[in-house]
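Shown next, in structure tokens, is the structure this report addresses.
Only this structure's heavy atoms are used, side chains among them; waters, hydrogens and symmetry mates stay out.
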Amino acid sequence: MTALPRPSVRNQRLLTRAMQLLLVAIVGYGVAFSQPKAITNGTIALAVTFAPALLERNYGVPLDPWLGLWITTAVFLHTMGSAGLYGAIGWWDHLTHATSASLVAGIGYTFVRAVDLHSERIHVPRRFAFVYILLVVMAFGVVWELFEFGLDVAAEATSITMPLSQHGIDDTVRDIAFNTLGALVVATFGQAHLSGVAETVRECLLADRGGR
């Protein structure tokens with residue numbers, strides 16, 4: 001399978017830093033104008049953008065520039081949507097759901113592939129991996145929608161503005177549809193590009209077992 005074009009390390013760092021600066025600006029705006037949603041979403045997203053570097057430094061998991069940028073972009077798009085783009089751009093919500101779902105699919109595949117490589121008693125055929133990725137993302141999407149519904153109930157009961165909310169059954173169905181689209185992209189193309197990360201996770205499991 002032809003490899004996807006990947007940004008250089010320098011370009012990845014520049015793009016990541018630019019998104020991090022915008023997230024800091026969103027948090028600063030939330031503090032200055034007492035906007036709890038901006039503070040919450042911006043802070044969580046900013047923390048997630050440092051995850052690739054922490055995984056590589058502390059656990060030896062080499063997330064290459066393409067994967068690191070993927071993680072940063074997913075949380076950045078959601079935060080920008082919460083900052084006003086969800087209301088201003090009709091398709092922004094679809095973009096964020098597809099991107100976030102593709103990230104969940106990538107994490108799910110990496111986990112099951114690492115287990116497949118780690119255990120001689122478990123074998124996961126590529127066709128089953130395709131179905132597995134779809135099921136993981138669809139299940140996660142349902143749980144997420146239930147979580148948003150719970151926040152709506154809490155917001156109504158407490159009159160506290162929540163960082164997330166639902167916008168009706170039609171919006172929920174569209175969210176799940178675009179979640180599935182993101183999962184299909186990863187299930188079709190991602191397996192060829194995530195095997196290296198899965199192999200590293202397997203090596204970490206072996207090292208951890210050997211140290212006991």
Side-chain angles (χ1 to χ4, degrees), residues 4-5 7 11-12 14-52 65-108 133-134 136-152 154-155 160-190:
L4 293 173
N11 288 338
Q12 184 267 341
L14 289 174
L15 288 170
T16 299
R17 295 293 179 270
M19 287 188 279
Q20 287 173 335
L21 287 174
L22 285 172
L23 291 173
V24 169
I26 290 174
V27 174
Y29 165 80
V31 172
F33 295 94
S34 300
Q35 297 291 329
K37 181 181 290 188
I39 296 172
T40 303
N41 288 327
T43 301
I44 294 174
L46 190 61
V48 172
T49 63
F50 290 102
W66 189 84
L67 291 173
L69 191 59
W70 184 14
I71 293 172
T72 303
T73 301
V75 295
F76 175 77
L77 290 176
H78 168 67
T79 305
M80 292 300 294
S82 298
L85 292 183
Y86 283 142
I89 303 176
W91 48 262
W92 192 268
D93 184 52
H94 308 328
L95 174 64
T96 58
H97 271 274
T99 306
S100 299
S102 70
L103 181 57
V104 172
I107 293 171
I133 290 171
L134 290 178
V136 165
V137 172
M138 293 178 71
F140 183 86
V142 171
V143 172
W144 184 263
E145 295 300 326
L146 291 173
F147 174 65
E148 288 187 343
F149 176 76
L151 290 181
D152 283 347
I160 297 175
T161 301
M162 297 294 174
L164 298 169
S165 62
Q166 283 188 316
H167 300 282
I169 187 65
D170 290 343
D171 180 68
T172 298
V173 172
R174 283 193 294 268
D175 288 348
I176 293 176
F178 280 92
N179 288 345
T180 305
L181 176 62
L184 283 171
V185 171
V186 174
T188 304
F189 301 106

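Rounding to the nearest 0.5 Å gives a distance of 9.5 Å between CG of Leu46 and CG of Leu21.
Side-chain contact between Thr49 and Phe76 is absent, with no heavy atoms from C-beta onward closer than 4.5 Å. Using a 4.5 Å heavy-atom threshold, the side chains of His97 and His94 count as separate. Contact check for Trp144 versus Glu148: side-chain heavy atoms found under the 4.5 Å cut-off. By the 4.5 Å heavy-atom criterion applied to side chains, His78 and Tyr86 are counted as neighbours. The shortest distance between side-chain heavy atoms of Ile26 and Met80 falls below 4.5 Å.
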Task: Derivation and outcome, side-chain contact (heavy atoms from CB on, under 4.5 Å), residues Asn179 and Phe140 - done: CA-CA 9 Å; Asn179 288 345; Phe140 183 86; over 6 Å; no
Task: Verdict with supporting geometry, Leu69 and Met19, side-chain contact (heavy atoms from CB on, under 4.5 Å) - done: CA-CA 10 Å; Leu69 191 59; Met19 287 188 279; 3.7 Å; yes
Open item on the list: As a quick check of understanding, evaluate side-chain contact (heavy atoms from CB on, under 4.5 Å) for Ile89 and Trp91, giving each step before the final call.
Closed with: CA-CA 6 Å; Ile89 303 176; Trp91 48 262; 3.3 Å; yes
Open item on the list: Run Thr96 and Asp93 through side-chain contact (heavy atoms from CB on, under 4.5 Å) and show every step you take.
Closed with: CA-CA 5 Å; Thr96 58; Asp93 184 52; 3.9 Å; yes
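Here the shortest heavy-atom pairing between Ser100 and Ala74 reads OG-O, 4.2 Å. Between Ala183 and Ile133, the shortest heavy-atom contact is O-CG2, 3.8 Å. Val75 approaches Ala45 most closely through the heavy-atom pair CG2-O, 3.8 Å. Residues Gly42 and Leu23 come closest through the heavy atom pair O-CB, 4.4 Å.
At a cut-off of 3.5 Å, with distance as the only test, a side-chain donor of Ser102 or Trp70 sits close to an acceptor on the other residue.
A donor-acceptor distance shorter than 3.5 angstrom exists from the side chain of Thr180 to the backbone of Ile176, with no hydrogens or angles considered.
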